[in-house]
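Structure first, commentary second.
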Amino acid sequence: MYRQNNRRHASREVRMVRMAPHDRRTTVRRKRDMKRAAVMLLTFVSLSAICLGIFYSVIDFVFFDLPASKSVAEFAEENGEKMPQEILGEPEAVNTGDLVRLAEESEPTIPLIAIDAGHGGEDDGCCREDVHESHINMELAERLSAKLQSMGFETLLIRANHETKMSLEERVEKAEKAGADMYISIHQNACEESEETVSGIETWYYGEREGSRRLAQLVHNGAVEKTSAFDRDVRDTDELYVIRETSVPSCLIETGFLSNNAERQALCSEEYQAKLAEGMAQGIDLYFHPKTMYLTFDDGPSEDNTTAVLDILKERGIQATFFVVGENVKRHPDVARRIVEEGHTIGVHCYNHDYKALYKSVDSYLEDFQKAWDAVYEATGVEVKLFRFPGGSVNAYNKTVYTEIIEKMTEKGYIYFDWNASLEDAAKNTTPEALVQNAVSSTLGRKKVVMLAHDIHYDTAQCLEKIIDSFPEYEMKALTPEVEPIQF
């Protein structure tokens with residue numbers, strides 16, 4: 001493991017631990033090629049504009065015999081015609097920078113992954129039984145590079161071979177100059193005591209670098225999943241130079257203990273190395289191509305719990321959806337306004353959470369909905385389009401009326417959302433730990449998840465951060481009318 005010698009704790013190398021739009025930069029070569037293409041395009045546009053100008057000038061005087069004081073546009077307007085925009089446009093208004101920008105945006109960008117095989121040259125890292133860490137690191141880096149390239153990524157091997165010797169500063173500088181979008185440092189671990197009992201994978205990240213925590217979780221989870229190695233968890237540190245000083249999401253993974261005989265033998269095998277590379281590549285791919293989760297909260301707003309939920313979402317930069325109860329909006333209009341002001345989607349749940357009265361008839365439902373809609377509009381100014389049935393679109397209370405209600409609401413232009421995963425936080429005698437487990441187990445790895453939660457419950461707010469951390473493979477968004485609804 002790398003540490004910067006002048007940081008606050010010059011401790012030994014080996015330690016045992018327990019525990020949503022990415023900023024792309026193209027490579028120098030790709031930028032140069034696009035700028036060259038943009039300049040050629042600008043030249044072509046300019047020459048075409050000049051030729052068009054000469055052509056229409058000839059038309060003016062040869063065919064129309066226009067007075068010198070009148071333009072083609074003026075003559076056309078006098079005759080009730082309108083000239084095409086390409087004739088009236090001014091070629092000199094074309095901006096070279098805009099063309100370069102458009103060229104860059106139109107070309108699909110491929111993430112460049114910097115892969116740093118730790119140690120190298122005279123620095124072997126930790127060694128056991130003639131197995132050198134630097135060699136295992138290099139073999140894993142090459143396997144990971146090949147796997148990522150087969151998945152369509154570009155890769156940069158920071159260290160070219162076993163003999164390459166590089167300082168920490170040189171490693172970071174190489175990745176920065178190449179315009180890497182991600183930095184992965186690969187290492188092995190060792191333990192002086194209890195060598196045969198200590199094993200597993202641990203992954204480090206620098207918490208101040210945006211995206212690094214999520215990256216570390218994804219790479220770590222992938223490696224543990226594919227190898228079934230002991231999970232030593234993910235840890236934040238500011239002592240590792242290469243992940244602290246890079247300007248892109250980065251992590252350092254310790255893929256095993258060379259001091260453990262069984263794990264050392266596994267790390268030397270091609271089969272185990274292939275599993276590690278596959279797991280790490282899976283995590284990297286999910287970082288750039290995440291699944292989608294829509295966090296939804298019913299029954300609020302409440303003054304304390306909804307506020308706590310909003311605070312967490314704001315800190316994490318996550319947008320969610322709140323299906324509110326009209327009575328609660330009347331009680332806490334300021335919280336409802338905050339939901340809207342902070343960019344979340346607000347929808348209607350009902351006005352009064354009385355199932356028997358609500359589903360007594362189609363008319364009783366429509367009356368309740370309108371009352372809730374009016375409460376939201378009065379408090380926030382939002383004309384709600386989305387709604388959620390209390391109990392879901394099909395439940396024991398609305399069996400005789402739900403079909404007609406859906407028909408009437410659809411005719412009015414409203415869209416309803418059910419869910420396909422749940423915290424089950426409306427149940428009695430819940431705990432934050434149980435809610436997290438419910439959320440994880442109910443997603444079933446789906447690519448699109450609408451997660452049901454309730455922002456009026458204390459335990460929900462208490463475990464929300466843990467829930468968010470449990471789904472690094474998902475990008476969390478707010479529902480909109482454009483999202484294809486999940487419906488029972």
task: Using the six-membered ring of Tyr416, assess whether NZ or CZ of Arg388 lies under 6.0 Å from its centre and within 45 degrees of the ring axis.
output: no

query: Thinking salt bridges, do Arg213 and Asp469 make one under a 4.0 Å N-O criterion?
result: yes

task: Could you tell me whether Arg244 and Asp238 make a salt bridge, using a distance below 4.0 angstrom between a side-chain N and a carboxylate O?
output: no

task: Output, in order, the C-alpha distance, side-chain angles, deciding distance and verdict of side chain to side chain donor-acceptor pair (under 3.5 Å) for Gln188 and Thr255.
output: CA-CA 6 Å; Gln188 308 307 309; Thr255 63; 2.8 Å; yes

Donor-acceptor contact present, side-chain Arg264 to main-chain Glu129, <3.5 Å: no

Spatial distance of atom CG (Leu313) from atom CG (Asp455) [nearest 0.5 Å]: 9.5 Å

Residue Phe488 excluded, over 12 heavy atoms near CZ under 6.0 Å: yes

task: Report yes if some heavy atom in the side chain of Cys127 is under 4.5 Å from a heavy atom in the side chain of Leu258; otherwise report no.
output: no

Side-chain (Ser250) to main-chain (Tyr183) donor-acceptor, under 3.5 angstrom: no

query: At what distance, to the nearest 0.5 angstrom, does CG of Asp459 lie from CG of Leu464?
result: 12.5 Å

- request: Return yes if some donor-acceptor pair links the side-chain N/O of Thr292 with the main-chain N/O of Glu475 below 3.5 Å, else return no.
  value: no

task: Show your working on side chain to side chain donor-acceptor pair (under 3.5 Å) between Asn189 and Glu202 and close with a plain yes or no.
output: CA-CA 9 Å; Asn189 224 329; Glu202 61 190 33; 3.0 Å; yes

message: Do Phe471 and Met293 have side chains that approach each other closer than 4.5 Å (heavy atoms only, starting at C-beta)?
response: yes

task: Looking only at non-hydrogen atoms, find the nearest pair between Ser212 and Tyr206 and report the distance.
output: CB-O, 3.7 Å

field: Side chains of His220 and Asp231 in contact at under 4.5 Å (non-hydrogen atoms)
entry: yes

task: May I ask you to test the Ile201-Thr227 pair for a side-chain heavy-atom distance under 4.5 Å?
output: yes

message: Could you walk me through whether His454 and Asp425 satisfy the side chain to side chain donor-acceptor pair (under 3.5 Å) test, starting with their C-alpha distance in whole Å, then the side-chain angles of each, then the deciding distance to 0.1 Å, before giving a yes or no?
response: CA-CA 7 Å; His454 297 79; Asp425 51 350; 2.7 Å; yes

task: Establish, from distance only, whether the side-chain atoms of Glu482 and Thr480 form a donor-acceptor pair under 3.5 Å.
output: yes

- line: Smallest heavy-atom separation, Ala141 atom then Leu157 atom, equals O-CD2, 3.7 Å

field: Salt-bridge present (Lys226, Glu278; N to O < 4.0 Å)
entry: yes

- request: Begin from the C-alpha positions of Glu176 and Ser247 and carry the test side chain to side chain donor-acceptor pair (under 3.5 Å) through to its verdict.
  value: CA-CA 8 Å; Glu176 295 290 315; Ser247 63; 2.8 Å; yes

message: Quick check for you: to the nearest 0.5 Å, what is the distance between Leu286 atom CG and Leu215 atom CG?
response: 11.0 Å

query: Is it true that Glu139 and Arg143 make a salt bridge, defined as a side-chain N closer than 4.0 Å to a carboxylate O?
result: no

task: Without swapping roles, check the side chain of Lys174 against the backbone of Ile158 for a donor-acceptor pair under 3.5 Å.
output: yes

query: For the residue pair Phe153 and His289, does the interplanar ring angle fall in the parallel (under 30°), tilted (30 to 60°) or perpendicular (over 60°) class?
result: tilted

field: Inter-residue atom distance Thr460.OG1 - Ile467.CD1, 0.5 Å rounding
entry: 7.0 Å

field: Atom of Leu148, atom of Ile115 and distance for their closest heavy-atom approach
entry: CD1-CD1, 4.0 Å

field: Main-chain N/O of Val450 paired to Asn420 side chain as donor or acceptor, under 3.5 Å
entry: yes

task: Examine distances only and state if a side-chain atom of Gln265 and a backbone atom of Ala262 form a donor-acceptor pair shorter than 3.5 Å.
output: no

- request: Measure up the Phe417 and Phe323 rings against each other and bin them: parallel (under 30°), tilted (30 to 60°), perpendicular (over 60°).
  value: tilted

query: With a 4.5 Å limit on heavy-atom distance, are the side chains of Ile468 and Ile318 in contact?
result: yes

- prompt: Is it true that Arg128 and Glu192 make a salt bridge, defined as a side-chain N closer than 4.0 Å to a carboxylate O?
  reply: yes

field: ring-ring contact (aromatic ring centres under 6.0 Å, His included) evaluation trace for His119 with His187
entry: CA-CA 8 Å; His119 304 283; His187 284 259; 5.1 Å; yes

message: Less than 4.0 angstrom from a charged side-chain N to a carboxylate O is my criterion; do Asp236 and Arg209 meet it?
response: no

field: Interatomic spacing from CG in Asn438 to OG1 in Thr431 - rounded to 0.5 Å
entry: 8.5 Å

Leu295 side, atom CG; Thr345 side, atom OG1 - distance, nearest 0.5 Å: 12.0 Å

query: Using the ring of each side chain (for Trp, its six-membered ring), is Phe389 parallel, tilted or perpendicular to Phe387, with breaks at 30° and 60°?
result: perpendicular

query: Under 3.5 Å, is there a donor-acceptor pair between the side chain of Lys448 and the main chain of Tyr294?
result: no

- prompt: With a 4.5 Å heavy-atom cut-off, do Gln217 and Val219 have their side chains touching?
  reply: no

Student check: side-chain heavy atoms of Arg214 and Pro290 closer than 4.5 Å: yes

message: I want to check something: taking the side chain as every heavy atom from C-beta on, are Leu310 and Val335 in contact at a cut-off of under 4.5 Å?
response: yes

- prompt: Is there a donor-acceptor contact under 3.5 Å from the side chain of Glu133 to the main chain of Gly125?
  reply: no

message: With a 3.5 Å distance limit and no angle check, can you tell me whether Thr380 reaches the backbone of Val376 through a side-chain donor-acceptor pair?
response: yes

query: Under 3.5 Å, is there a donor-acceptor pair between the side chain of Lys291 and the main chain of Gly445?
result: yes

query: So, Ser134 and Asn137: side-chain donor and acceptor under 3.5 Å apart, yes or no?
result: no

Under-4.0 Å salt bridge between Arg337 and Glu341: no

